Peer 1: 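Encoded as C-alpha cells, here's the structure I'll be asking about.
In each ligand, atom 1 is the first atom listed, and ligand 1 is the first ligand listed. Just so you know, these numbers use all the heavy atoms, side chains as well, and skip hydrogens, waters and symmetry mates. Since this is a predicted model, take the numbers as computed values, not measurements.
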Amino acid sequence: MRDVFEVGAQDGLARIGELDVPRAGVTVETPTLMPVVNPNLITVEPSRFVDEFGAELLITNSYIINSDDDLRERALDEGLHEMLGFDGAIMTDSGSFQLAEYGEIDTDTEAILRFQHDIGSDIGTPVDIPTPPDADREQAAAELETTQQRLELAETVDVGDMLVNAPVQGATQPDLREQAGAHAYGTALDLFPVGAVVPLMNQYRYDDMTEAVLAAKRGLGRDAPVHLFGAGHPMMFALAAALGCDLFDSAAYAIYARDDRYLTVSGTEHLDDLHYFPCDCPVCAEHSPQAVRGMAAGDRERLLAGHNLHVSFGEIRRVKQAIKSGTLMELVAARAHAHPSTLDGYRALLDHSDQLEASDPASKDAFFYTGAGSARRPEVHRHHQRLDRLDVDGDDVLLTEGDSNHRYDESWNVLPPFGPYPSALATTYPLTAETPARMDRAGYEAAAEGVCRLAEANPDTAFTLAHDDWPESALEAVPQRVSLYNAVRGE
Ligand SMILES: [Zn+2]
C-alpha cells in the first residue's frame, strides 16, 4: 500500500481517494481538479480558488519560474505559496512540455527537482520525455527508456517530504504504456501522471486516450494516484474518472476564456453564439451574454474564466457524488450521448468492461439501462460469467420474461440485457435494474448471450425460452437446442 494515497468508495475503476500531501500539511480528496497557474499571466487570482471554487491543489510550472530572473528570485525569496497567494497544496511541472514544444530546455531532472524543492513546491516533477501520439515504436521505446532512467535518478534526489511525480509515457502503444506503468509503480515515487495525452484530447480522440489510460492502469497498482495530465475539459471528467484517473488539471479555463470560449459539460460554446448562459453559476446568473460581449477584453476574460472554473468544479462534484452513489456509468453515458467524441471514449471504455469489472462493487443502489452501451457494462459481463457457474436443478427448464409454468421442472426469469437468472436472485443487484419498456436490440442480444452461457454450462438440460417478441438478431444467437416460444404472438 502506498502510504500517501488511500482508496475509499469505488465504482468500476473510479474511486474517491485521499491524497496526503505532507509538505503542505493537507489531505486532498480525489477526484480533484488543479487549476493551472501561469505565473506570467494570472487570469484568476489563486487566492480566489479555495473559497470561490473549492480548489485544494493548483499546478504551476517551475521551468517558467526558473527561466525568469524576477520570478525566480521572488519564488526563492518568498516561496511559491506566498508568491501566488495560495494556501493549499501546489504541484509544479518541470519543463517537459516546453521540451516537447521547443526541442530543448536548459535544465535537467536533478537541478529542476532541487529548484522545485527550494521554492516550496509540495509535489515536484522530473524532466520526462513526452512522446507524441502516433510516434513509431522505435521512438516511443527509446524515449520511454530515457524517461525511466530519469525516474530512477529522481528517486535518488533528496527533496525532503516533497512528493514526486512519476510520469507514464509510451505514446499510443498500449504495451509500452502498460510496461511504463509497471516500471513507474515499482519506483519509490508517489504520483503517476499519464503523460502526452494532450494532443489526443485536443483532437477529441477520446477513444485513443481511453486506450492509453487503461493500458497505463494495467501496469499501475490499484493504490496508485493517477493524474490525467492536461485533462481540463469538463465534458470528459466523468469518462476520465471512470478510467480510474484521480487528478485533472485545467489550463483550459483560462486559455478558452481568452478566446471568448465558454465551457459546458457537453462541449464548448463561443460567446458570440450564446443568447443565454445555460448555467447556474454566479457569473451566468448575474450577467447576460450580450452584456459580457460589450465589456473590455480583460473583464470579459476574467468573467468567462470564472464561469469555466465554476462549471469544471461543478462537474467534479457531480462525478464524486456519482461514484459515491454507484451511478458513474450512467453519468458517463449521459455525457457520451451529448458528443460523438465522448461517445467514442465511452465505447472504448466498454471494450474493456472486464478490466472495470475487477474493481466494481458487487452491489449498488440500482442499475439504470440508458442505451445500447448499458448492455456492455461490467455488471452485464459479470452476470454472464456467473451463469457459467450457476447450476440448474431440473432436466427441463423454462427461461421466461413472464410467469413461471408448472409444466417445467424449474422456471428462471429472463431480463434483458442480463439474460436468465434464478428467481431467488430477483431482489439482488444488478437484477433489480430499471430497464425501458422499449428495449433496444443491444439489450436483447446481450440477454441472448446470457442464454448461450447458461445452455453451454448445462449441456444435459433441456431449455425453453419464452420471450416477448425478441428481434431476429437476438434469437439467431440462441443455440438451436433451446426451444423458442414467442409469448406475445403465442407461437
Ligand atoms: Zn456559468
Peer 1: Is R318 paired with E315 through a side-chain N to carboxylate O contact shorter than 4.0 Å?
Peer 2: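 Yes, E315 and R318 are salt-bridged.
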Peer 1: Hey, what's the angle at the Zn ion (ligand 1) spanning SG (C284) and SG (C281), nearest 10 degrees?
Peer 2: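 Roughly 110°, rounded to 10°.
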Peer 1: Compute the centroid of each ring, for H310 and then for F53, and state whether the two points are separated by less than 6.0 Å.
Peer 2: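 Yes; F53 has its ring centre under 6.0 Å from that of H310.
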Peer 1: Out of curiosity, Q10 CD to K364 NZ, how far, rounded to the nearest 0.5 Å?
Peer 2: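 Output value for this atom pair is 10.5 Å.
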Peer 1: With respect to the Zn ion (ligand 1), please indicate if H310 possesses an N, O or S atom at a distance under 2.8 Å.
Peer 2: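 So H310 does not count as coordinating the Zn ion (ligand 1).
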Peer 1: Compute the angle centred on the Zn ion (ligand 1) spanning SG of C279 and ND1 of H307, and express it rounded to 10 degrees.
Peer 2: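 Rounded to 10°, it measures 100°.
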Peer 1: Could you walk me through whether H233 and L263 pass the side-chain contact (heavy atoms from CB on, under 4.5 Å) check?
Peer 2: CA-CA 7 Å; H233 202 303; L263 297 176; 3.5 Å; yes
